[in-house]
K.L.:
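Encoded as structure tokens, here's the structure I'll be asking about.
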Amino acid sequence: MTWDLDAIFPGGSSSNQFEQFLVNTETDLATMKLKLEQAQKKETPDFEEWASLIERLQNIGMKVREVNAFISCLTAQDVTDDKAKLLAGRTKQAGSSYGQLISVVDEQLLHFTDAQWKEFTKSGKMQEILFNLEERRNIAKEKLPSDKEQLIQQLMVDGYHAWGDLYNTIVGRMKVEIREKGVKKQYSVGQAANKLTDKNRNVRRHVFEQFEKAWENEAELFTESLNHLAGFRLRTYEARGWGNVLKEPLQINRMKQETLDVMWDTITKNKDVFTGYLYRKAELLGVDKLAMYDVSAPVSKKVPQVSYDDAADMIVEQFSKFSPRMAEFARTAFENRWIEAEDRGRKRPGGFCTSFPIREQSRIFMTYDGSASNVATLAHELGHAYHQHVMNDLPYMSQGYAMNVAETASTFAEMVVADASVKQASSREEKIQLLDDKLNRSIAFFMNIHSRFLFETRFYEERKSGLVSREHLNELMTEAQEEAYCGALSEYSPTFWASKLHFHITGVPFYNFPYTFGYLFSMGIYAKAVQEGEEFEEKYTALLRDTGRLSVEELAQKHLGVDLTKPEFWQEAVDFVKEDVRQFMELTE
Ligand SMILES: [Zn+2]
């Protein structure tokens, strides 16, 4: 249940090999900087030189990713590893240097006249990454002149990202006071959040109240940090002449506004089925309406346990029904110890999958506790690893896929396993619990994330004309939740705008709708997989390989023959999820 990191670089944070590799990467970055400056100085651009520089830069990009992946593994497996923390400072710096080099390339792409562009992109190597080059050029066109963009980047460190850092600092020292068997105890917000799904409703309610109170206590500071973070973003958009706050997130996710609109529209039209499920769950829990803290609560007292070995066997077996290649890949990952699953101290909470593009290996991090949702998480992360696996031989620039499609392979893998678990359930009660687990996820994507999206768009609209007060943030949040859950809950979470980290992330704007997109997109794919059987594997792999070099609309058209700007595909995907509700309703009649 522990992973093998020595196969990547032996010796952990004291690894000499890693140190050498890192120094080597740093040297490459410095050399590349000089080379780019020289190439830039020439009166007429040397196309061959630029093409070879871009190729070399891709190799350096892979190295930077390799060192960052290794560091994230080290810091996750032992949060007290100080050597790893020091190394993390250096790898972050390498990442930032790489980003600067890329922006020099962008500047050059922009400088090419249209005629020069044609000439430059003629070579085979540039043709392979044409989508990515054109994308970079078009984005650069819509931004400010590069000296201004660079100034913005510099000001961001203290004027933008710092607000996100400040948020994390405050959250890190926050405590939630919880009474347990008459004794008051102090918990971190992460620990308290875990108790929100306790089997006992009185415990949940108490934790929820204390949790809300803790956020309310710090809300004054969060009001400031969120307002300023949003203000910086809006001023930047304004300077670039971008009126729509969704412009950047849509661009990053390579999708059209129509696609986003029709997705939410289809979900909204189908919500009655899902509120039906919420009302039934309320009945099962013996309440009129569910409160926010009941939505994810278990409906059964008996929670089935699966050993790690059984989970591994089951995952490989279920994958093989859809794709022998995926099954073989999962077997390799288990056998070569690519997964860190042990439950022990000093590990970071949560889970992730990270990839080493040069070694062509991945590593998965999680803490396995034997619950059904843990088995699904394991499958989910293996899905991410498989996605990278099928892209390994592509040029590095074409391997970059956005968050909305990143969650496609993972959710697909998760569904294959979650569905099988439901089918194999040994009793009616277990089946109900497993279906409830699945529907819990659907509710998160259709309702909770919808509420985040509604809140965030409205907040940014209001922020355009001034600061938004703490009371009004609470109001906006509650309204968004009432709307997204169709009024089906008895209590909402007014301070959710403060407690949800995603609103305070500065790395990626609008960290919400891509989740729902990925979920439904993979549902649509899964529905096709079930219909098509054996032929599906090849199509699926081809689709995954194109996720870094097509817009989502083109991707869906090319590989699934569907139009994402029309409701049909989305409706089919939602119908597929509705089948879970139907089963749940029947079993709990
Ligand atoms: Zn994921």
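Just the heavy atoms: all of them, side chains too, but no hydrogens, waters or symmetry mates, feed the values below. In this chain, residues are counted from 1 in sequence order. Just so you know, these numbers come straight off a predicted model, no measurement behind them. Order of listing sets the numbers, starting from 1, for every ligand and every atom in it.
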K.L.:
Drop me the distance from Thr91's OG1 to Asn68's CG, to the nearest 0.5 angstrom.
P.N.:
4.5 Å

K.L.:
Identify, with sequence neighbours excluded, every residue that meets ring pair (Phe, Tyr, Trp, His ring centres under 6.0 Å) alongside Tyr293.
P.N.:
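Applying ring pair (Phe, Tyr, Trp, His ring centres under 6.0 Å) to Tyr293 gives Phe208.
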
K.L.:
Verify ring-ring contact (aromatic ring centres under 6.0 Å, His included) between Phe70 and Phe18, making sure each step is shown before the conclusion.
P.N.:
CA-CA 9 Å; Phe70 189 63; Phe18 178 72; 4.9 Å; yes

K.L.:
Only one of Arg348, Lys347, Arg363 passes salt bridge (Lys or Arg N to Asp or Glu O under 4.0 Å) with Glu340; say which it is.
P.N.:
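One option only clears the test, and that one is Lys347.
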
K.L.:
Show, in sequence, the C-alpha distance, side-chain angles and deciding distance for Phe446 and Tyr519, and conclude whether the ring-ring contact (aromatic ring centres under 6.0 Å, His included) test is met.
P.N.:
CA-CA 10 Å; Phe446 294 164; Tyr519 174 68; 5.8 Å; yes

K.L.:
Asp436 vs Tyr277, test: side-chain hydrogen bond (donor to acceptor under 3.5 Å, both in side chains). Steps then yes/no.
P.N.:
CA-CA 9 Å; Asp436 187 61; Tyr277 153 76; 2.5 Å; yes

K.L.:
Quick one: name the protein N/O/S atoms under 2.8 Å from the Zn ion (ligand 1), chain by chain.
P.N.:
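The answer is His380 NE2, His384 NE2, Glu407 OE1, Glu407 OE2.
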
